Amino acid sequence: MIRIENLQKSFGSAQILKGIDLDIEEGEFVTLLGASGCGKSTLLRIIAGLERAGGGTLTYNGTVLDAANDRIFVPTQARQFGFVFQDHALWPHLSIDDNIGFPLRSYGWAKPDIARRVAEVLSKVQMSDHAGKYPRQLSGGQRQRVGIARALALSPKVILLDEPLASLDSNLRDELGHEIRKLAKELGLTCINVTHDRREAQILSDRIAVMSSGQIQKVGAPLEVFTNPQSVDIAKFLNAGNILPRNVLSPAEAASDWILLPRNAVRIVHDAPGDLSARVHDMVFIDGRFEVTVDLDGHSLTFYSETRPEHAGHVALSVAREQIVRLDA
Ligand SMILES: Nc1ncnc2c1ncn2[C@@H]1O[C@H](COP(=O)(O)OP(=O)(O)OP(=O)(O)O)[C@@H](O)[C@H]1O
């Protein structure tokens, strides 16, 4: 298990990590999700041993890897974690098998053992046919598969990923994302990923830690984080649904209270008056359903609909009120 306790880091006078606490279980896939500059890469670099913490403790299976106050710091090589970066970081002048074999050689592996291991990991990422090629002869997705194979070569128990899907187009991102998740589970890997991409986080992760301003604001399974994001800021960053003053749906309530109304909690009703009447403002067909935006007393409300609203103009809506959650301002 990886345990992060009150971890802190400053660059000059800027405090970048302000006391991070997080436990990551063996075999778990956790994503640090946050906007640019929130400190997620700095946290990953500290876990990797590429950066030292300024305070707090990092332990792995009970062994302290970094504790600034006790002057303990285990260097990167001794941590034996695997790395996958967004830009693949392959050596252009080496063939694919040499790219994967090179680190093994530097650990003193014998040639036949290297050849066997390279073949094994290439087959795990379905790249066996490309062993003799050079990185420039591969597509972005294929290069990333090689990057993953290289990370697996030394059989690390922990893999650290820095936006592994960022350089890929959207279909490929989903496909490789599902494969990475499957492979991680098959091999029982503990994975820590950083990204600002919500979709990537949801596809890959058992749990998501939402970061902003050097702190973890919310941790949970994707379903929990996206359906109960806790605050207006997190809900906005996650694009979790409609963020409305409570009194828009319940006029008796205080206007200063905020709620999250998920996009699947609203539906058009045809044969009943409904809870609300609203004016259709916009509509797009996307991912097999309509995304309808209505104007509700000056507030914009977006929801998913299997059917196209029959009449442009006004629609009657029913709201699944049990799906509404309160948000901290
Ligand atoms: N070596 C460094 N020296 C000084 N400042 C740094 C250093 N590394 C990071 N920072 C600063 O720390 C802050 C957090 O950076 P970090 O890279 O951790 O953010 P991030 O959330 O990963 O953002 P991004 O997604 O853009 O990489 C930024 O303001 C950055 O400029």
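Each ligand, and each atom within it, is numbered from 1 in the order the structure gives. Since we're looking at a predicted model, the values are computed, not measured.
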Q: Identify, by atom number and element, the atoms of ligand 1 in contact range of A35, meaning under 4.0 Å from any of its heavy atoms.
A: 21 (O)
Q: Would you mind listing which atoms of ligand 1 come within a distance below 4.0 Å of any non-hydrogen atom of I16?
A: 12 (O), 13 (C), 14 (C)
Q) Judged by atom type as modelled, is there a donor-acceptor pair below 3.5 Å linking the side chain of D66 to the main-chain atoms of T57? A) no
With a 4.0 Å cut-off on heavy atoms, is [X] touching ligand 1?
{"X": "K40", "value": "yes"}
{"X": "C38", "value": "yes"}
{"X": "A14", "value": "no"}

Under 6.0 Å from the six-membered ring centre of [Y] and within 45° of its axis: does the NZ or CZ of [X] meet both?
{"X": "R79", "Y": "F73", "answer": "yes"}
{"X": "R150", "Y": "W91", "answer": "yes"}
{"X": "R263", "Y": "F303", "answer": "no"}
{"X": "R136", "Y": "Y134", "answer": "yes"}

[atom] [closest protein heavy-atom partner, distance rounded to 0.1 Å]:
{"atom": "atom 9 (C) of ligand 1", "result": "F11 CE1, 3.5 Å"}
{"atom": "atom 27 (O) of ligand 1", "result": "S41 OG, 3.5 Å"}
{"atom": "atom 16 (P) of ligand 1", "result": "T42 OG1, 3.6 Å"}
{"atom": "atom 26 (O) of ligand 1", "result": "S36 OG, 2.6 Å"}

(Q) If we count only non-hydrogen protein atoms and require a distance under 4.0 Å, does atom 6 (C) of ligand 1 qualify as touching the protein? (A) yes
Q) ligand 1 and E51, any nitrogen or oxygen pair closer than 3.5 angstrom? A) no
Q. Under 3.5 Å, N or O to N or O, is G37 touching ligand 1 that way?
A. yes
Q) Do E200 and N193 have side-chain atoms, one donor and one acceptor, less than 3.5 Å apart? A) yes
Q: Consider only side-chain N and O atoms of N228 and Q230, and report whether a donor and an acceptor are under 3.5 Å apart.
A: no
(Q) Under a 4.0 Å threshold between the charged nitrogen and the carboxylate oxygen, would K185 count as salt-bridged to D206? (A) yes
